[in-house]
2 protein chains.
Amino acid sequence: MFDIANDSPTGASLSAAIAAQVRVRRTQRGLSAAELARQAGLSKATVSALEAGRANPTVDTLDAVALALRIPLTDLLTRGTDPGPVLLRGTAMPDEGPAREMLRRIGGGRSVELWRLRLPPRTQVDGVAHSPGTTEILLVADGSVTAGPAAEPAELSAGDLLAFAGDQAHLYRSGGDPAEVAMLIASPVPGTS
Amino acid sequence: MFDIANDSPTGASLSAAIAAQVRVRRTQRGLSAAELARQAGLSKATVSALEAGRANPTVDTLDAVALALRIPLTDLLTRGTDPGPVLLRGTAMPDEGPAREMLRRIGGGRSVELWRLRLPPRTQVDGVAHSPGTTEILLVADGSVTAGPAAEPAELSAGDLLAFAGDQAHLYRSGGDPAEVAMLIASPVPGTS
DNA sequence: AACATTCGTTCACTATATCGAACCACTGTC
DNA sequence: GACAGTGGTTCGATATAGTGAACGAATGTT
């Protein structure tokens with residue numbers, strides 16, 4: 001069965017992520033912790049605990065911090081994601097009721113390209129390795145293809161979905177029939193870091 | 001001057017926004033408040049207060065709720081819904097040779113989520129309006145669906161691709177057969193400008 | 001040198017977010 | 001009817017997030 005990777009593993013790592021975010025964005029802005037506390041209308045103790053990762057702040061305090069840092073609230077909650085490939089077969093979902101499940105979130109600062117790839121029978125296309133951090137997502141619309149990292153390609157048929165890191169050698173190869181694939185390339189924008 | 005538009009106008013409305021989000025996403029998932037509390041490991045009182053908009057939850061509780069709802073934590077904090085319809089219909093590819101064609105490029109500074117949506121026959125799911133600037137891309141893997149902006153949905157069948165602005169009311173509705181849709185949500189990261 | 005600021009942490013106290021239980025409304029089921 | 005189960009709200013009790021003050025350490029000022 002498919003264990004869909006949720007990027008929220010533990011609550012503990014959440015406060016750690018918040019701590020890192022706050023500290024980074026604060027120093028980026030050239031603020032001292034005391035000054036941040038002042039501008040946010042919080043006590044120094046709160047900010048100190050926040051950045052030490054031993055806090056479980058309320059949304060109000062987080063909002064105050066975000067406002068003082070001039071960043072959107074959600075930016076403080078982005079956790080580091082370093083996923084492996086996601087392979088989703090056509091029948092992976094449970095049977096009952098309507099279902100909507102997130103398979104993967106790709107961090108901010110991305111440029112997204114949407115491609116459509118058509119392969120005549122028995123054709124192979126070698127994908128160029130993109131810049132580090134690039135994620136490719138394939139959705140097989142018709143036919144069947146062998147695609148993915150060159151080291152470990154996957155057999156896909158219509159309805160299958162594959163997400164993998166695009167910063168390595170990869171390929172798309174059709175079988176006996178023509179194949180159509182929707183491809184999405186999410187690459188990091190070089191400037192945001 | 002550049003006052004970075006924080007999507008948190010007032011601190012008070014924040015809890016209201018969270019309340020609305022939680023309630024909508026919960027009913028969408030067909031959960032009762034009691035069941036949500038159970039799955040999230042919270043007390044019914046907490047969930048009740050949350051949905052009543054008279055709570056200032058900690059990130060841990062919010063995270064628990066988001067996890068139980070199978071949605072990213074930040075989705076509970078998004079607020080503001082603006083229109084701006086854009087529709088792109090993926091049609092047939094040319095016939096000869098291998099082809100790789102870029103259909104659309106979405107500007108940088110995006111966060112990308114990959115979802116899978118499964119619809120039993122004759123089922124409608126109302127999509128929650130995402131933050132402004134969000135783009136949704138649907139690829140119908142199986143069956144046929146009527147999807148898109150609520151004001152102007154499109155008829156899609158297997159292999160069809162639809163991209164539209166997700167920051168408005170939208171829907172996914174299946175016909176007589178069950179449908180499977182891969183859904184991609186590209187949302188702007190407001191910190192980058 | 002002594003003094004004044006500012007920074008960041010730690011501590012007891014207060015405010016409050018969460019819990020557990022009680023409660024009422026509603027829906028079956030016998 | 002009585003009864004058991006679920007859903008949602010309200011209310012004290014409790015755990016804890018936040019505060020305010022004190023502290024040592026740096027740094028600058030006279």
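Just so we're clear, the structure is a prediction, and the values are computed from it rather than from any experiment. Hydrogens, waters and symmetry mates are skipped; everything else that's a heavy atom, side chains included, is used. First the proteins, then the strands, lettered A, B, ... as listed; each starts at 1.
The phosphate of D:dG18 has neither OP1 nor OP2 within less than 4.0 Å of any side-chain N or O from A:Arg54. Contact annotation: B:Thr46 reaches the phosphate of C:dC19 (side-chain N/O to OP1 or OP2, under 4.0 Å). For D:dT6, the OP1/OP2 oxygens have no side-chain nitrogen or oxygen of B:Ser32 closer than 4.0 Å. Close to D:dT16, at under 4.0 Å from its OP1 or OP2, lies no side-chain N or O of B:Thr58.
When all heavy atoms of B:Ile18 and B:Leu76 are compared, the pair lying nearest together is CG1-O, 3.5 Å.
Among the heavy atoms of the strands lying under 4.0 Å from B:Ala34 are primed sugar atoms or P, OP1, OP2 only; no base atom is included.
Protein atom CG of B:Asn56 is 12 Å distant from nucleotide atom C1' of C:dA15, rounded to whole Å. Atom CG of A:Asp60 is separated from atom P of C:dT16 by 11 Å (rounded to the nearest Å).
Residues A:Val22 and A:Leu31 fall within the same hydrophobic cluster, defined by Ile, Leu, Val, Met, Phe, Trp and Tyr side chains chained together at heavy-atom separations under 4.5 Å. Under a hydrophobic-cluster definition in which Ile, Leu, Val, Met, Phe, Trp and Tyr are linked whenever side-chain heavy atoms come within less than 4.5 Å, directly or via other members, A:Val125 and A:Val145 are assigned to the same cluster.
Screening B:Thr58, B:Asp63, B:Thr61 for a side-chain hydrogen bond (donor to acceptor under 3.5 Å, both in side chains) involving A:Asn56 leaves a single residue, B:Thr58.
When each of A:Ser48 and B:Thr61 is assigned the nucleotide of DNA chain C with its nearest heavy atom, A:Ser48 is the one assigned upstream, toward the 5' end.
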